[in-house]
Amino acid sequence: MIFLASNSNSSSPKSLPHWLIFSLKMVGCGIGFAGLMWYVMNNSVMGSDVVRGLAAVPFVFYLMAELLDTIVDMNKVVYTPLFKNYSGYVAIGLTIITIVCMFFVTLWALSGSITLSIGSAGASSVVVAAIFALYLLAPNTGKEKLLLYLFVGASIATWGAYLSIIPSFTGFGL
């Protein structure tokens with residue numbers, strides 16, 4: 001997920017080594033999932049609520065997340081030509097911005113509106129949005145479509161009661 005590239009010119013910024021990128025992703029995911037587990041424990045989020053939340057995310061968002069994750073994990077193919085001028089610290093900042101955006105887009109898909117107060121959103125919606133965001137950060141998930149497996153499992157478990165392909169765009173006059 002980290003936007004890094006290498007360039008043969010000595011004047012260009014140096015990229016971080018692969019092992020450091022992997023380590024930063026692992027530490028970030030570990031801290032993120034620790035925060036998620038803490039949130040689940042302190043807000044009494046039930047497993048059934050999370051399954052319903054996963055089933056309620058429109059299919060388009062699953063496809064978008066999987067596409068983003070696949071592109072993100074193709075660092076040398078995609079980011080080298082596009083982001084060759086970004087150094088390690090700028091790349092880390094871009095990564096954090098992307099993850100935060102994914103969190104709020106998923107939260108919007110579940111709640112129908114962006115609320116700046118996380119406390120006003122449902123606890124299960126926050127957990128599902130965090131799962132989507134942390135999935136983007138997790139290293140080497142681009143080859144497997146794990147979120148799609150969650151979608152299929154949640155849809156089967158709820159008998160398709162929450163199945164939607166495209167979200168309803170509330171708040172835009174549509």
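Heads up: numbering here begins at 1 and tracks the sequence.
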Which atom pairs, one a donor and one an acceptor, fall under 3.5 Å between side chains of residues 55-66 and the rest of the protein, sequence neighbours left out?
| unit_1 | atom_1 | unit_2 | atom_2 | d |
| --- | --- | --- | --- | --- |
| Y62 | OH | L54 | O | 2.5 |
| E66 | OE1 | Y135 | OH | 3.0 |
| E66 | OE2 | Y135 | OH | 3.3 |
| E66 | OE2 | L146 | N | 3.4 |
| E66 | OE2 | L147 | N | 2.9 |
| E66 | OE2 | L148 | N | 3.3 |

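Taken together through direct or relayed side-chain contacts under 4.5 Å among Ile, Leu, Val, Met, Phe, Trp and Tyr, M41 and V126 form parts of separate hydrophobic clusters. Linking Ile, Leu, Val, Met, Phe, Trp and Tyr whenever their side-chain heavy atoms come within less than 4.5 Å leaves W159 and I165 in two separate clusters. Note on F151 and F132: same hydrophobic cluster, where clusters join Ile, Leu, Val, Met, Phe, Trp and Tyr whose side-chain heavy atoms are under 4.5 Å apart, directly or indirectly.
The minimum heavy-atom distance linking G53 with V128 is given by the pair C-CG2, 3.8 Å. The minimum heavy-atom distance between N43 and A123, with the atom names listed, is CB-CB, 4.2 Å.
Every side chain to side chain contact (heavy atoms under 4.5 Å, CB included) that V127 has, sequence neighbours left out, goes to L36, Y39, V40, V45, V50, I131. Applying the side chain to side chain contact (heavy atoms under 4.5 Å, CB included) rule to S48 yields the partners M46, R52; only residues at least two apart in sequence or on another chain are considered. Applying the side chain to side chain contact (heavy atoms under 4.5 Å, CB included) criterion to V152, with sequence neighbours excluded, gives I156.
In the hydrophobic clustering, where aliphatic and aromatic side chains (Ile, Leu, Val, Met, Phe, Trp, Tyr) are joined below 4.5 Å either directly or transitively, I31 groups with V27.
Within the 4.5 Å cutoff, the side chain of L136 has no heavy atoms near those of the F103 side chain.
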